[in-house]
> 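Structure provided below as structure tokens; questions to follow.
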Amino acid sequence: RPSMVPLSGVIVKQVACGEFHSLMLTVQGEVFACGSNVHGQLGNGKTKPSEQAEKVTGNHLRSMPIRSIAAGAQSSMALSIGG
């Protein structure tokens with residue numbers, strides 16, 4: 001069910017919602033994710049759900065600034081500044 005996700009001090013420029021998960025893109029090009037994670041859609045290498053928004057880190061983003069995000073029912077995508 002919908003609920004407020006606090007991101008203290010972070011300015012969000014885009015939100016993408018899947019069936020049971022959400023992605024937030026900041027003006028700094030960082031991605032945060034929360035919600036269901038049964039299929040690994042949060043991008044944190046786990047399959048446990050997260051009620052708190054967590055910054056997506058790791059090799060898959062390679063510390064690249066992100067330009068845009070999208071979410072499918074059970075998937076997540078990010079487009080880097082370089083394409």
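What you are looking at is a predicted structure, and each value in this text was computed from that prediction instead of being measured.
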> Roughly how far, to the nearest 0.5 Å, is OG1 of T47 from CD of Q41?
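Between atom CD of Q41 and atom OG1 of T47 there are 9.5 Å.
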> Provide the closest heavy-atom pair for S50 versus E54 in the form atom of the first, atom of the second, distance.
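Minimum heavy-atom contact is OG-OE2, 3.1 Å.
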> Among all residues two or more places apart in sequence or in another chain, which pass the side-chain contact (heavy atoms from CB on, under 4.5 Å) test with L7?
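side-chain contact (heavy atoms from CB on, under 4.5 Å) check on L7 returns V10, V12, M24, F32, A53.
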> With a 3.5 Å distance limit and no angle check, can you tell me whether N37 reaches the backbone of K46 through a side-chain donor-acceptor pair?
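Yes, because the side chain of N37 sits within donor-acceptor range (under 3.5 Å) of the backbone of K46.
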> About how many Å separate CD of Q28 and NZ of K13, when rounded to the nearest 0.5 Å?
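If I round to the nearest 0.5 Å, the distance is 10.0 Å.
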> Give a yes or no on this: more than 12 heavy atoms of other residues, nucleotides or ligands lie within 6.0 Å of atom CD1 of I81.
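Yes, enclosed.
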> Any side-chain heavy atom of L42 sitting closer than 4.5 Å to one from H21?
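Side-chain contact under 4.5 Å: yes.
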> Looking at residues at least two apart in the chain, or sitting in another chain, which of them share a side-chain contact (heavy atoms from CB on, under 4.5 Å) with S68?
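Partners of S68 under the side-chain contact (heavy atoms from CB on, under 4.5 Å) test: Q14, L79.
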> Among side-chain atoms of S75 and H39, is any donor-acceptor pair under 3.5 angstrom?
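No donor-acceptor contact under 3.5 Å links the two side chains.
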> Once side-chain contact (heavy atoms from CB on, under 4.5 Å) is applied, do any residues pair with V38, and if so which ones, sequence neighbours excluded?
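Checked V38 against side-chain contact (heavy atoms from CB on, under 4.5 Å); matches are S36.
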> Grouping I, L, V, M, F, W and Y whenever their side-chain heavy atoms are under 4.5 Å apart, do V56 and L23 come out in a common cluster?
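V56 clusters together with L23.
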> Using 0.5 Å steps for rounding, measure from the SG atom of C34 to the CG atom of N44.
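If we round to the nearest 0.5 Å, C34:SG and N44:CG are 11.5 Å apart.
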> Could you report the tightest heavy-atom contact between A71 and C17, atom names first, then the distance?
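Distance-wise, the nearest heavy atoms are CB-C, 3.7 Å.
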> Using 0.5 Å steps for rounding, measure from the CD1 atom of I69 to the OG1 atom of T26.
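OG1 of T26 is found 9.5 Å from CD1 of I69.
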